[in-house]
Amino acid sequence: MKLSPAYYLNEDVVGLAKDLLGKVLFTKINGQISAGIIVETEAYFGIKDKASHAYGGRRTNRTETMYSQGGVAYVYLCYGMHNLFNVVSSVKDDPHAVLVRAIEPLLGKAFMEERRNMLVTKAAISSGPGSAAKALGIDRSFNSKDLSGDEIWIEDHQIYYSDEEIVASPRVGIAYAQEHALLPWRFFVLGNKYVSKPNKV
DNA sequence: TAAATGATTGGCT
DNA sequence: GCCAATCATTTAA
């Protein structure tokens, strides 16, 4: 069930971002397990992507995590208050990553409600990268953690979406990345209410 | 050492 | 729809 370490070595990060839709992201915190189906992702294409923190080969304390071999978590603080969770992919020294932007609550919904202080029936509980991470209890202490460990991992539950249900669109919040801002590297499940806006074709 | 800024969200109008 | 909140990280001096 748990994805094998080899899965994350895929050097086609855009294809991986699409493939991660329907996979199930788990966290176990203080023995409490929660999980959600990944329904929205974005690909960050290593050193050639102006929207990536690793653009141009920039290598700092923060981005060092992305240079790891695929299969670890990259979590960083954005706008001073949101923890964004990414899956590091590809081989060592090739800083590709996939941002998980939304999940559909599957297990441990009571824990999510407690962490988000809202009912799981509200789409906003895990819609958007900051919200999805918070619902699962992910914070910066998860940065660099191995995705094949027992604190955070991803499973394949044989959930597949058809090509008609998967939509590719430009990424969100990266207007500063100029021409790269228009690349259709955001993928989401059409009609799923947990997908952040814009969520229409 | 200091200044600038962002892969956003939620509350208010 | 608009806008404030809030700080780690980066870059420049």
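For clarity, every value in this text was computed on a predicted model and none was experimentally measured.
Around the NZ atom of A:K2, the shell of radius 6.0 Å holds more than 12 heavy atoms that belong to other residues, nucleotides or ligands.
Using a 4.0 Å cut-off between charged side-chain N and carboxylate O, A:K193 and A:E104 make no salt bridge. For the pair A:K145 and A:E151, the salt-bridge criterion is met [side-chain N within less than 4.0 Å of a carboxylate O].
At a threshold of 4.5 Å between non-hydrogen side-chain atoms, the residues A:I154 and A:Y8 count as touching. Using a 4.5 Å heavy-atom cutoff, the side chains of A:S148 and A:W153 are not in contact. Contact of the A:V24 side chain with the A:L106 side chain is registered, since non-hydrogen atoms from C-beta on lie closer than 4.5 Å. Proximity of A:L77 to A:H82: side-chain heavy atoms (C-beta onward) are nowhere separated by under 4.5 Å. With a 4.5 Å cut-off on side-chain heavy atoms, A:V91 and A:E11 count as touching. Side-chain atoms of A:L147 and A:I152, non-hydrogen and from C-beta on, do get closer than 4.5 Å to each other.
In this structure, A:I174 reaches the sugar-phosphate backbone alone: every heavy-atom distance under 4.0 Å involves primed, P, OP1 or OP2 atoms, never a base. The residue A:R140 sits close only to the backbone: its heavy atoms come under 4.0 Å of sugar-phosphate atoms, none of a base.
Where DNA chain B meets chain A (any atom under 4.0 Å from a heavy atom), the bounding nucleotides read 5' to 3' are B:dG6 to B:dG10. On the nucleic acid side, DNA chain C has its first and last nucleotide under 4.0 Å of a heavy atom of chain A at C:dA5 to C:dT11, going 5' to 3'.
Near DNA chain B, defined here as any heavy-atom distance below 4.0 Å, there are no residues from residues 14-25 of chain A. Taken residue by residue, residues 57-68 of chain A places heavy atoms nearer than 4.0 Å to DNA chain C at A:R58, A:T60, A:R62. Of the residues in residues 48-56 of chain A, those with a non-hydrogen atom less than 4.0 angstrom from any atom of DNA chain B are A:A51, A:H53. Residues of residues 78-96 of chain A having a heavy atom closer than 4.0 Å to DNA chain C, listed by number: A:Y79, A:G80, A:M81. Of the residues in residues 104-125 of chain A, those placing a heavy atom less than 4.0 Å from an atom of DNA chain B are A:R116, in numerical order.
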For residues 26-36 of chain A, tabulate all N or O donor-acceptor pairs below 3.5 Å that involve a side-chain atom, not counting sequence neighbours.
unit_1, atom_1, unit_2, atom_2, d
A:T27, OG1, A:S34, OG, 3.2
A:T27, OG1, A:L136, O, 2.8
A:S34, OG, A:R115, NH2, 2.8

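One finds the CG atom of A:N83 at 11.5 Å from the OG atom of A:S131 (value rounded to the nearest 0.5 Å). Residue A:E40 holds its CD atom at 11.5 Å from CD1 of A:I38, rounded to the nearest 0.5 Å.
In this structure, A:R171 satisfies the cation-pi test against A:Y44, with its NZ or CZ atom closer than 6.0 Å to the six-membered ring centre and inside 45 degrees of the ring normal.
Defined by atom type and a distance below 3.5 Å, a donor-acceptor pair is missing between the side-chain atoms of A:N10 and A:S89.
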What dot-bracket string describes DNA chain C from 5' to 3', counting Watson-Crick and G-U wobble pairs whose defining distances are under 3.5 Å, with [ ] for crossing pairs and | for pairs to another strand? |||||.||||||.
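Partners of A:H53 according to the ring-ring contact (aromatic ring centres under 6.0 Å, His included) rule, which considers only residues two or more places apart in sequence or in another chain, are A:Y76. Take A:F45 and apply the ring-ring contact (aromatic ring centres under 6.0 Å, His included) test, not counting sequence neighbours, and it matches A:H96, A:W185.
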Chi angles and distances behind the side chain to side chain contact (heavy atoms under 4.5 Å, CB included) call for A:S52, A:M66: CA-CA 10 Å; A:S52 170; A:M66 283 202 284; 4.0 Å; yes
Side chain to side chain contact (heavy atoms under 4.5 Å, CB included) assessment of A:I125 paired with A:Y194: CA-CA 8 Å; A:I125 195 168; A:Y194 295 99; 4.1 Å; yes
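Every pair passing salt bridge (Lys or Arg N to Asp or Glu O under 4.0 Å) that includes a residue from residues 61-89 of chain A is listed here, sequence neighbours excluded: A:R59-A:E64.
Across every non-hydrogen atom of A:Q69 and A:L9, the tightest pair is CG-CD2, 3.4 Å.
The only member of A:I103, A:I159, A:L21 that meets side-chain contact (heavy atoms from CB on, under 4.5 Å) when paired with A:I37 is A:I159. Of the options A:D156, A:T41, A:V87, a side-chain contact (heavy atoms from CB on, under 4.5 Å) to A:K23 is made by A:D156 and by none of the others.
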